[in-house]
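Inspection log for the structure reproduced underneath, given as structure tokens.
In what follows, chains carry the letters A, B, and so on, assigned in the order in which the sequence lines appear, proteins first and then strands, with residues in each chain numbered from 1.
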Amino acid sequence: DTEVTQTPKHLVMGMTNKKSLKCEQHMGHRAMYWYKQKAKKPPELMFVYSYEKLSINESVPSRFSPECPNSSLLNLHLHALQPEDSALYLCASSPDRGAKNIQYFGAGTRLSVL
Amino acid sequence: QQQVKQSPQSLIVQKGGISIINCAYENTAFDYFPWYQQFPGKGPALLIAIRPDVSEKKEGRFTISFNKSAKQFSLHIMDSQPGDSATYFCAASQGSRGSTLGRLYFGRGTQLTVWP
């Protein structure tokens, strides 16, 4: 099973709302990732967690707050977003960050900020 | 700075034809080169991957050719089918230690359309 599950599939929020995206994997992977993808563009890395610790933050604005409660779960908390934050948010996982960096992606959450 | 350059941006191929997508990189520390396939509304799915100690890898109709000296690699889709119509991303990463560990550098993507 190489499944990464993301919920919700779609999310519409106002600029003053607080919402969270959820990502789950049960492959025993120890690295998890958040990406943002705009239409017709490649995924852009936002955050990397390795063994539940934040390893990479790509200078993402503080209105995006990641959380890794355990090795299977990754959350992305959203607050006071801007319309330009509307995008497909992808979660991925890999066995670790090293040589076997085979990343498996979820189907994504389509976020619209009004 | 684009670490991985991908071409063409779009490709139209007739059913049964060969689709070829090319990528080039500069960083010789890259040691893993995956290709991802993405359908509209879905996340990227790993299609096939290669390491630089191999010049070619084939999985079914999909083949990666790798030229280490030229720092180029390409994806060939033989007998292209309408169901192959998707966006294809090449990528590169390095498995050594450091701040770049775990980072995938994506090409800009190629939108492939296969006409029936």
Straight-line distance of A/I56 CD1 to B/R103 CZ, nearest 0.5 Å: 4.5 Å
Interatomic distance, A/K41 atom NZ to B/R108 atom CZ [nearest 0.5 angstrom]: 6.0 Å
Taking the side chain as everything from C-beta on, heavy atoms only, tell me whether [X] gets closer than 4.5 Å to [Y].
X      : Y      : result
B/L46  : A/F105 : no
A/L90  : B/K42  : no
B/L104 : A/Y33  : no

Heavy atoms from other residues, nucleotides or ligands near [atom1] of [X] exceed 12 (cutoff 6.0 Å):
X     : atom1 : answer
B/E26 : CD    : no
B/Q14 : CD    : no
A/K38 : NZ    : yes

Is [X] in contact with chain A via its backbone, its side chain, both, or neither, using a 4.5 Å heavy-atom distance?
X     : value
B/P34 : neither
B/Q6  : neither
B/Q9  : neither

Check whether [X] and [Y] end up in the same hydrophobic cluster, where Ile, Leu, Val, Met, Phe, Trp and Tyr are linked by side-chain heavy atoms less than 4.5 Å apart.
X      : Y     : result
B/Y88  : B/L11 : yes
B/V54  : B/I64 : yes
A/M32  : A/L54 : yes
B/V114 : B/I20 : no
B/I12  : B/M78 : no

Choice from A/C91, A/A107, A/P42 maximising heavy atom contacts with chain B below 4.5 Å: A/P42
Which atoms of A/Q6 approach chain B - backbone, side chain, both or neither, heavy atom under 4.5 Å: neither
Which portion of A/E44 sits near chain B, non-hydrogen atoms under 4.5 angstrom: neither
Contact summary for A/P43 and B/F106, nearest pair of heavy atoms: O-CD1, 3.8 Å
B/Y36 side chain vs A/Q103 backbone, donor-acceptor pair below 3.5 Å: yes
Pairs of heavy atoms under 4.5 Å with chain A: top-ranked of B/A45, B/G43, B/G109: B/G43
